[in-house]
Amino acid sequence: MPFNLKPITSPRQIRLGDNDAAPPTGLPRHKHLDDAAEEHVDRIRKLQQKLYADGRFALLIVLQGRDASGKDGTIKKVFRGVNPMGCVVTSFKVPTELEQQHDYLWRVHERVPPRGMIGIFNRSHYEDVIVTRVHDLVPKKVWSERFDQINDFEQMLSQNSVVILKFFLHVSRDEQKKRLIDRLEDKKKNWKFRAGDLDDRALWDDYTKAYRDAIARCSTSWARWHIVPADDEDARNFLVARKIADTLDALDLRYPALDPKLKGIKVK
Ligand code: ATP
């Protein structure tokens with residue numbers, strides 16, 4: 001299947017209209033897509049084992065998206081094969097009092113995975129140039145200086161063996177509406193509904209602008225953004241899984257060879 005997510009290398013590629021959330025034409029639907037995703041989920045499973053044994057790199061996955069864009073579902077599906085010992089998920093919420101007393105990257109740096117591990121950020125330091133901007137939580141001078149700071153931070157990580165992949169899960173207004181209604185109507189999903197989600201929905205265009213700028217300013221050669229059409233869950237999972245598997249593959253991971261001093265040793 002030829003379809004692959006393209007990294008953002010120019011602001012012209014950033015299309016965040018409602019139509020851009022539909023799965024790309026040419027992708028098969030449902031059963032076939034699920035089977036295709038399974039292939040990449042399995043590649044991730046095998047490659048994660050190698051990443052751990054190889055011990056040279058860490059993989060950091062950054063997931064951003066509006067409310068109900070499917071960040072949790074993506075994590076659950078794409079990483080369903082991985083050994084929990086090799087993977088840490090961090091969900092970034094409104095900063096605590098302690099976190100607010102530090103610089104905004106303090107809590108983030110602490111959660112960057114060590115070599116051998118996959119770290120998944122469910123929301124991230126990008127909230128500090130998105131929600132803070134849209135809700136006027138900090139002055140423009142403060143959030144606008146953060147783009148360069150984030151690029152420097154991510155460059156430092158990449159120079160220290162952290163491979164960074166960033167995904168924006170892009171849903172349309174209609175699809176978000178459907179999912180929010182579902183959260184209100186389905187008893188098993190009521191707990192996911194936050195009244196604040198509706199306030200954020202009313203600020204749709206402001207969020208689009210903030211996401212556009214963050215993606216444009218911070219899609220660097222060392223930490224690329226990918227926009228994932230996320231209205232269709234199977235397509236979303238397939239695209240994300242494939243990109244992650246391909247990225248791990250490109251690292252040319254190896255199982256370390258037996259120490260030559262141990263060659264010929266007998267286990268009694
Ligand atoms: P879903 O996307 O499925 O609705 P969620 O990620 O919104 O789930 P919640 O616990 O409901 O999970 O929301 C976390 C909230 O924390 C979000 O509203 C987010 O904007 C907010 N948040 C995260 N980081 C920051 C930050 N640095 N400053 C202010 N708010 C933040």
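Each ligand, and each atom within it, is numbered from 1 in the order the structure gives. Sequential numbering from 1 along the given sequence is applied to the chain's residues.
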Visitor: Partners of Lys209 by side-chain hydrogen bond (donor to acceptor under 3.5 Å, both in side chains), sequence neighbours excluded?
Guide: none
Visitor: Between atom CD of Gln48 and atom CG of Asp54, what is the distance when rounded to the nearest 0.5 Å?
Guide: 13.0 Å
Visitor: Considering only distance and modelled atom types, tabulate donor-acceptor pairs under 3.5 Å from the side chains of residues 195-202, sequence neighbours left out.
Guide:
unit_1	atom_1	unit_2	atom_2	d
Asp197	OD1	Arg194	NE	3.1
Asp197	OD1	Arg194	NH2	2.7
Asp200	OD1	His135	NE2	2.7
Asp200	OD1	Tyr207	OH	3.0
Asp200	OD2	Tyr207	OH	3.4
Arg201	NH1	Arg173	O	3.0
Arg201	NH1	Gln176	OE1	3.0
Arg201	NH2	Arg173	O	3.4

Visitor: Which protein N or O atoms sit under 3.5 Å from any N or O of ligand 1? Give each pair with its distance.
Guide:
unit_1	atom_1	unit_2	atom_2	d
ligand 1	2 (O)	Lys71	NZ	2.7
ligand 1	2 (O)	Arg123	NH2	3.4
ligand 1	3 (O)	Arg183	NH2	3.0
ligand 1	4 (O)	Arg183	NH1	3.0
ligand 1	6 (O)	Arg123	NE	2.7
ligand 1	6 (O)	Arg123	NH2	3.4
ligand 1	7 (O)	Asp67	OD1	3.3
ligand 1	7 (O)	Arg123	NE	3.4
ligand 1	7 (O)	Arg123	NH2	2.7
ligand 1	10 (O)	Lys93	NZ	2.7
ligand 1	11 (O)	Arg194	NE	3.3
ligand 1	16 (O)	Val94	N	3.2
ligand 1	18 (O)	Arg194	NH2	3.4
ligand 1	20 (O)	Glu127	OE1	2.9
ligand 1	24 (N)	Lys93	O	3.2
ligand 1	24 (N)	Arg107	NH2	3.2
ligand 1	27 (N)	Arg107	NH2	3.2
ligand 1	27 (N)	Asp128	OD1	3.0

Visitor: Rounded to the nearest 0.5 Å, what separation is found between the CG atom of Asp20 and the CD1 atom of Ile227?
Guide: 8.0 Å
Visitor: With a 6.0 Å cut-off on the ring centroids, do Phe153 and His109 count as close?
Guide: yes
Visitor: Going by the rule salt bridge (Lys or Arg N to Asp or Glu O under 4.0 Å), which residues pair with Asp42 if we only count those two or more places apart in sequence or in a different chain?
Guide: Arg45, Lys46
